[in-house]
Amino acid sequence: MAEHVQVFGFWESAFSRRVELALKLKGVEYQYFEEDLPHNKSHLLLKYNPIYKKVPVLLHHGKPIAESLVILEYIDEIWKTNPILPQLPHQRALARFWAKFIDDKVVCAVVKAAGSKEEERKKAIEEAREALEALEKELKSNNFFGGEEIGFVDIVGTVIAGWVPAIEECFGFELLTTNNFPNLTKWSEQLLNHAVVLGAIIKARSRQGKEKEEAIAEACEALKTLEDELKGKRFFGGETLGFVDIVANFVAYWIPAIEEGFGFDGALSSEMEKLPNLRRWCNEFVEHTIVKHTLPPKQHLIDFLISQFGTNVASK
């Protein structure tokens with residue numbers, strides 16, 4: 001009987017990637033459903049994970065399993081080829097221990113460091129370093145935590161190899177360096193260059209890229225509508241600033257900052273070059289005496305946006 005496997009995930013979730021990676025290592029075909037998180041969860045996600053209401057969820061023959069570590073063990077029990085958990089009970093127990101250690105100690109400390117400032121951040125970074133030191137010793141000179149092949153702990157550890165460097169870059173602190181963690185750094189490089197892992201990462205990036213392209217196309221269409229509405233007028237309100245001009249300050253000032261902060265490659269600015277009325281209005285609006293003194297410094301705005309939403313690290 002053909003397998004019927006579905007995965008509910010989110011492109012930037014390290015926990016979703018774990019499930020997809022395990023299925024790929026097993027050679028299991030599956031259907032993927034991208035969730036629009038965090039604010040627009042599908043009715044299917046809420047149906048299949050009513051307790052936590054989070055991704056990932058694995059659906060096997062219509063039966064849901066939630067939580068990435070639980071799903072990984074289920075996958076290993078159902079599909080016996082390319083085992084990801086060790087065969088001996090004691091080694092399996094150790095693998096479960098280190099997997100939980102990564103989630104409870106490393107992930108929690110890094111997330112805490114990203115979301116805190118000054119002394120709290122220093123304390124969280126130190127906690128993360130101590131946790132990474134334990135993993136550094138456990139890894140020793142092995143290629144992977146699973147030995148010569150990727151195993152349970154390596155799959156769980158993709159959050160360290162792929163997501164921690166992105167968080168470091170986004171929030172401006174240094175954690176995973178060659179000098180401090182030579183074994184982990186070498187392991188991270190090997191893991192991310194593994195054909196199956198690389199394929200899963202590229203797939204995730206392509207999803208994000210497609211969604212971004214669609215959103216940019218929608219924005220461009222909206223800008224064209226504003227261009228037509230302006231016609232030959234100086235401002236939307238006529239010769240003086242009006243209600244629409246005030247509301248549209250987002251177009252004139254925030255869009256360029258968002259492009260710079262989130263790496264839209266100037267797509268909207270390029271579109272603006274084709275819209276002479278809107279481009280002229282933007283220039284006049286931001287140079288207006290009253291407006292000029294109410295706008296925040298551009299670099300401060302970019303820094304704020306990055307601190308709230310992160311940079312476009314996934315596309316790098």
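Values below: all heavy atoms of this structure, side chains included; hydrogens, waters and symmetry mates excluded.
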Requested in this report: Give a yes or no on whether Glu130 atom CD has more than 12 heavy-atom contacts from other residues, nucleotides or ligands under 6.0 Å away.
Outcome: yes
Query raised in the report: Side chain of Glu35, backbone of Phe8: donor and acceptor closer than 3.5 Å?
Result: no
Report summary line: Rounded to the nearest 0.5 Å, the CG atom of Asn179 sits from the CD atom of Glu174 at a distance of 8.5 Å
Query raised in the report: Do the non-hydrogen side-chain atoms of Leu69 and Glu67 ever get within less than 4.5 Å of each other?
Result: no
Query raised in the report: Heavy atoms, side chains only, cut-off 4.5 Å: are Phe101 and Glu138 in contact?
Result: no
Report task. Apply side-chain contact (heavy atoms from CB on, under 4.5 Å) to Val164 and Glu168, showing your working. Result -> CA-CA 6 Å; Val164 167; Glu168 287 179 309; 4.2 Å; yes
Query raised in the report: If you measure from the Lys or Arg side-chain nitrogens to the Asp or Glu carboxylate oxygens, is any gap between Glu189 and Lys186 under 4.0 Å?
Result: no
Report summary line: To the nearest 0.5 Å, atom CZ of Phe97 lies from atom CD of Gln91 at 15.5 Å
Query raised in the report: Is it true that Arg96 and Glu73 have a side-chain N and a carboxylate O under 4.0 angstrom from each other?
Result: yes
Query raised in the report: To the nearest 0.5 Å, how far apart are CD1 in Ile155 and CZ in Phe145?
Result: 13.0 Å
Query raised in the report: How many angstroms lie between NE2 in His194 and CG in Asn143, if you round to the nearest 0.5 Å?
Result: 10.5 Å
Query - Check: Asp228 main-chain N/O paired with Lys231 side-chain donor or acceptor under 3.5 Å - result: no
Report task. Check the pair Leu37 / Leu45 against side-chain contact (heavy atoms from CB on, under 4.5 Å), numbers first and verdict last. Result -> CA-CA 11 Å; Leu37 301 181; Leu45 176 64; 4.2 Å; yes
Query - Euclidean distance, Leu59 CG relative to Asn49 CG, rounded to 0.5 Å - result: 11.5 Å
Query raised in the report: Under a 4.5 Å side-chain heavy-atom rule over Ile, Leu, Val, Met, Phe, Trp and Tyr, are Leu223 and Ile246 clustered together?
Result: no
Query raised in the report: How about Phe15 and Val55: do any of their side-chain heavy atoms sit closer than 4.5 Å?
Result: no
Query raised in the report: What do the steps show when you test Phe10 against Glu34 for side-chain contact (heavy atoms from CB on, under 4.5 Å), and what is the final call?
Result: CA-CA 5 Å; Phe10 181 48; Glu34 175 73 10; 3.4 Å; yes
**Report entry** Stepwise ring pair (Phe, Tyr, Trp, His ring centres under 6.0 Å) check, Phe181 with Trp187
**Finding:** CA-CA 10 Å; Phe181 304 106; Trp187 164 81; over 10 Å; no
Query raised in the report: Do the side chains of Tyr30 and Leu58 get nearer than 4.5 Å, heavy atoms only?
Result: no
**Report entry** Exercise: identify the closest heavy-atom pair between Ala113 and Ile125
**Finding:** CB-CG1, 3.8 Å
Report summary line: The single option from Leu191, Val106, Leu175, Val107 that satisfies side-chain contact (heavy atoms from CB on, under 4.5 Å) with Ile160 is Val106
Query raised in the report: Quick one: does Asp154's side chain have a donor or acceptor within less than 3.5 Å of a partner on Gly146's backbone?
Result: yes
Query raised in the report: Taking Ser16 for the side chain and Glu12 for the main chain, is one N or O donor matched with an acceptor at less than 3.5 Å?
Result: no
Report task. Please confirm whether the backbone N or O of Arg280 pairs with a side-chain atom of Asn283, one donor and one acceptor, at under 3.5 Å? Result -> no
Report task. Mind listing the closest non-hydrogen atom pair of Ala22 and Ile75 along with its distance? Result -> CB-CD1, 4.0 Å
Report summary line: Nearest heavy-atom approach of Val110 to Phe173 is O-CZ, 4.4 Å
Report task. Verify, without hydrogens or angle tests, whether Glu136 (side chain) and Leu184 (backbone) share a donor-acceptor contact under 3.5 angstrom. Result -> yes
Query - Pair Lys24 + Glu20, salt bridge at N-O below 4.0 Å - result: no
**Report entry** Test: Glu120 and Lys123 ion pair at under 4.0 Å
**Finding:** no
Query raised in the report: What pairs meet the salt bridge (charged side-chain N to carboxylate O under 4.0 Å, His left out) rule with one or both residues in residues 140-150, with sequence neighbours excluded?
Result: none
Query - Exceeds 12 heavy-atom contacts within 6.0 angstrom, atom CD of Gln31 - result: yes
Report task. Give the C-alpha distance, both sets of side-chain angles, the deciding distance and a yes or no for side-chain hydrogen bond (donor to acceptor under 3.5 Å, both in side chains) between Ser68 and Arg18. Result -> CA-CA 7 Å; Ser68 65; Arg18 291 172 177 175; 3.0 Å; yes
Requested in this report: Can you establish whether the number of heavy atoms outside Leu46 located under 6.0 Å from its atom CG is more than 12?
Outcome: yes
**Report entry** Which atom of Gly157 lies closest to which atom of Ile102, heavy atoms considered
**Finding:** CA-CD1, 3.9 Å
Query raised in the report: Are Leu139 and Leu94 co-members of a hydrophobic cluster defined by side-chain heavy atoms under 4.5 Å apart?
Result: no
Query raised in the report: Would you say the side-chain atoms of Gln190 pair up with the backbone N or O of Phe144, donor to acceptor, closer than 3.5 Å?
Result: no
Requested in this report: Please check if the side chain of Glu227 supplies one atom and the backbone of Asn277 the other of a donor-acceptor pair under 3.5 Å.
Outcome: yes
Query raised in the report: Roughly how far apart are His60 NE2 and Lys63 NZ, rounded to 0.5 Å?
Result: 9.5 Å
Report summary line: Quick note, salt bridge (charged side-chain N to carboxylate O under 4.0 Å, His left out) partners involving residues 76-90, not counting sequence neighbours, are Lys26-Asp76
Requested in this report: Let me see the working for Val57 and Phe33 under side-chain contact (heavy atoms from CB on, under 4.5 Å), right down to the final yes or no.
Outcome: CA-CA 10 Å; Val57 172; Phe33 293 93; over 6 Å; no
**Report entry** Closest non-hydrogen atom pair, Phe236 against Leu226
**Finding:** CE2-O, 3.8 Å
Report summary line: In terms of heavy-atom contacts, Pro64 and Tyr48 come closest through CB-O, 3.6 Å
